[in-house]
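Predicted model only: the values in this text are computed from it and were never measured.
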Amino acid sequence: MNALAAVGRFTLEKLVVLGQVARFFGMLVVRLGIVVKRPRLVIQQVHFIGNYSLLIILVSGLFVGFVLGLQGYYTLNRYGSEEALGLLVALSLVRELGPVVTALLFAGRAGTSLTAEIGLMKAGEQLSAMEVMAVDPIRRVLVPRFLGGIIAMPILAAVFSMMGVLGGWFVGVVLIGIDTGAFWSQMQNGVDVFNDVLNGVIKSVVFGVAVTLIALFEGWQCRPTPEGVSRATTRTVVAGSLVVLGLDFVLTAIMFSH
């Protein structure tokens, strides 16, 4: 009975958290009109979030492309299909690795930054001071960061995929010696804009919504102490990564089941 009660308590606690996240998401959506009145706030956050994550995205994309090029060549070489290396690299990046790895890096870099920033503002009573001055902190602080994360995520995923393709090209063409015309032509003929590229963009947008929402929620709900902020940043990485992997399975099953 004790075990059953513990399972029930755990389930109820998680359902309460899900309800709080849904309510928080609704509060953000209702206030999205600030993008029309003050677009500069959103542009600043896109620059801030994207700029801080750009270096790790570039380097990670390049090395993922290197590994894909090597592993893809070793696999295709068994069947005499080395010229399809470009297609393999492009599809792997555009469909899966680009959105997923970018979202995981985004959660670890930009997500923790957002959580810590909101948590420190809460600990320093800056959010309370805004409410005293009749300024809505959700509208002024959270919504621009929410939109900035959603916009920055697909851009970062595209940069990651681009660097991965270049990395695969460098390993396959420059180092191994595959024909460069075959590399690019197979990729061009095999990658479909709607079935592959567009689905990857949709994935990255969904991941951007999920990770940014979790990061802001953890910062908004954390205890206003140094320990509370540190635990919130840890929860952002863990929850964000698990949600991204779960959503990736669901979206892949829906998009590529036909």
Side-chain angles (χ1 to χ4, degrees), residues 50 53-111 152-208 210-211 237-238 240-258:
S53 306
L54 186 59
L55 181 60
I56 189 173
I57 294 295
L58 289 171
V59 176
S60 301
L62 187 64
F63 281 101
V64 166
F66 287 165
V67 174
L68 274 177
L70 281 175
Q71 294 285 7
Y73 175 77
Y74 294 147
T75 303
L76 294 173
N77 189 41
R78 298 180 182 180
Y79 308 100
S81 304
E82 300 90 347
E83 278 117 11
L85 179 62
L87 178 61
L88 184 146
V89 170
L91 287 180
S92 300
L93 287 166
V94 171
R95 283 185 169 189
E96 287 296 327
L97 291 178
V100 173
V101 178
T102 302
L104 296 177
L105 295 173
F106 186 85
R109 181 64 186 88
M153 180 68 199
I155 299 173
L156 293 172
V159 171
F160 184 95
S161 298
M162 178 192 70
M163 291 302 297
V165 169
L166 291 177
W169 169 83
F170 181 80
V171 169
V173 175
V174 178
L175 297 184
I176 297 177
I178 296 174
D179 181 67
T180 183
F183 183 92
W184 294 113
S185 63
Q186 290 268 7
M187 183 189 306
Q188 184 178 3
N189 293 330
V191 177
D192 186 78
V193 174
F194 293 101
N195 292 331
D196 299 318
V197 178
L198 182 60
N199 285 338
V201 172
I202 293 173
K203 275 188 177 184
S204 62
V205 172
V206 173
F207 295 159
V211 173
V237 177
V238 175
S241 301
L242 292 176
V243 168
V244 165
L245 295 175
L247 285 175
D248 179 54
F249 171 75
V250 174
L251 291 174
T252 301
I254 294 172
M255 292 175 174
F256 303 109
S257 59
H258 56 278

Does the side chain of [X] reach to within under 4.5 Å of the side chain of [Y], using non-hydrogen atoms?
X	Y	result
L70	Y74	yes
L88	T75	no
L105	S60	yes
I254	V250	yes
V159	T102	no
F207	L104	no
V171	Y73	no

Looking only at heavy atoms, which two atoms of [X] and [Y] are closest? And how far apart?
X	Y	value
V205	P154	CG2-CG, 3.5 Å
S53	R109	OG-CG, 3.9 Å
F183	V165	CZ-O, 4.3 Å
E83	A182	CG-CB, 3.3 Å
A157	G98	CB-O, 4.2 Å
V197	V94	CA-CG1, 3.5 Å

Salt bridge (charged side-chain N to carboxylate O under 4.0 Å, His left out): pairs with one or both residues in residues 91-101, sequence neighbours excluded: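 Non-adjacent pairs meeting salt bridge (charged side-chain N to carboxylate O under 4.0 Å, His left out): R95-D196, E96-K203.
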Among residues at least two apart in sequence or on other chains, which ones pass side chain to side chain contact (heavy atoms under 4.5 Å, CB included) with [X]?
X	result
I202	L198, N199, V206, M255
V243	A210, I214, L247
T180	W169, V173, W184
A90	M187, V191

Mind checking what makes ring-ring contact (aromatic ring centres under 6.0 Å, His included) contact with F63, not counting sequence neighbours?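 ring-ring contact (aromatic ring centres under 6.0 Å, His included) check on F63 returns F66.
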Rounded distance [0.5 Å steps], [atom1] in [X] versus [atom2] in [Y]:
X	Y	atom1	atom2	answer
I178	L85	CD1	CG	4.5 Å
I57	I155	CD1	CD1	12.0 Å
M163	L62	CE	CG	4.5 Å

